[in-house]
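First comes the structure, then the notes that go with it.
In each ligand, atom 1 is the first atom listed, and ligand 1 is the first ligand listed.
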Amino acid sequence: MRRLFVAGNWKMNLVRETGLALASGLAQACPKSHPGVQVVVCPPFPYLVPVAGAIANSGVELGGQNCSAEKPGAFTGEIATAMLQDVGCQWVILGHSERRTLYGETDALVARKTATALASGLSVILCVGETLAERQANQTDAVLDRQMAGSLEGISASDLSRVVIAYEPVWAIGTGLTATAEQAESAHAHLRKWLSVRYNAGLADSTRILYGGSVKPQNAKSLMEQPNVDGALVGGACLKLDDFLPIVRAAQELRPA
Ligand code: PGA
């Protein structure tokens with residue numbers, strides 16, 4: 001049985017005081033690694049170091065929200081994967097739809113970032129998902145296939161074991177619209193089948209596929225209890241402990257220690 005995975009993507013939110021209060025509260029609520037549920041927080045870059053301190057020796061892991069595809073060097077404003085590791089990150093989110101649509105990140109760039117991150121020892125949360133227009137044109141599966149093939153170009157089976165996929169329908173991100181459990185399950189099953197064809201059945205079976213897009217305490221359980229939904233990538237609802245913790249607890253109920 002796959003270990004569930006709940007990650008909070010703070011995006012460009014919170015400041016030191018509110019962020020540290022949230023991280024400390026989460027660390028207190030998750031004092032040690034839970035065998036059934038992995039918990040990750042992804043604060044903005046300036047807060048990685050203090051948040052790493054706040055969650056030290058707890059069951060909460062740290063991730064960055066982006067990274068450069070390049071090795072350290074003359075790249076003003078960029079963050080190298082080695083730097084993320086240096087400050088205690090195990091994870092990095094790549095291919096988020098906000099990066100793709102607002103900052104023009106292509107599948108090819110996402111693939112280069114993924115390769116760089118994996119080569120430096122980070123694990124990757126790789127996001128894919130269709131827009132509303134694409135869903136309405138019945139192109140969801142084709143879009144997912146294209147993004148998976150492009151974003152995982154050159155990634156070997158052994159490296160894929162350090163990749164978690166996040167299915168995030170763009171129309172559900174930050175909109176309050178959530179995919180129904182059936183819509184999520186159908187997309188996740190499609191992604192798992194894609195993994196089995198591109199890699200192999202064993203790897204497809206062991207890869208975690210998260211759902212993201214307006215996950216809330218009210219809908220988390222019904223989404224995560226779908227057979228192919230292995231957790232959640234949470235945006236808005238991860239900014240308050242009172243919202244995020246019930247999502248973590250819902251996962252823990254589904255995979256008791
Ligand atoms: P949301 O964001 O939960 O605010 O919809 C999810 C995400 O972008 O990962």
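- For the pair Tyr167 (side chain) and Pro169 (backbone), a donor-acceptor distance under 3.5 Å is absent.
- The side chain to side chain contact (heavy atoms under 4.5 Å, CB included) test applied to Pro46 returns Pro44, not counting sequence neighbours.
- In this structure a side-chain-to-backbone donor-acceptor pair under 3.5 Å is present from Ser206 to Leu203.
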Could you give the N/O to N/O pairs under 3.5 Å linking ligand 1 and the protein, each with its distance?
from, atom 1, to, atom 2, distance (Å)
ligand 1, 2 (O), Lys11, NZ, 3.2
ligand 1, 3 (O), Ser214, N, 3.4
ligand 1, 3 (O), Gly235, N, 2.9
ligand 1, 4 (O), Gly236, N, 2.8
ligand 1, 5 (O), Gly174, N, 2.6
ligand 1, 5 (O), Ser214, N, 2.7
ligand 1, 8 (O), Lys11, NZ, 2.7
ligand 1, 8 (O), His96, NE2, 2.6
ligand 1, 9 (O), His96, NE2, 3.4
ligand 1, 9 (O), Glu168, OE1, 3.3
ligand 1, 9 (O), Glu168, OE2, 2.7

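- With sequence neighbours excluded, the residues that form a side chain to side chain contact (heavy atoms under 4.5 Å, CB included) with Val164 are Phe5, Trp91, Arg208, Leu210.
- Judged as a ring pair (Phe, Tyr, Trp, His ring centres under 6.0 Å), and not counting sequence neighbours, His96 has no contacts.
- The local environment of CD in Glu78 is crowded, with over 12 non-hydrogen atoms from other residues, nucleotides or ligands closer than 6.0 Å.
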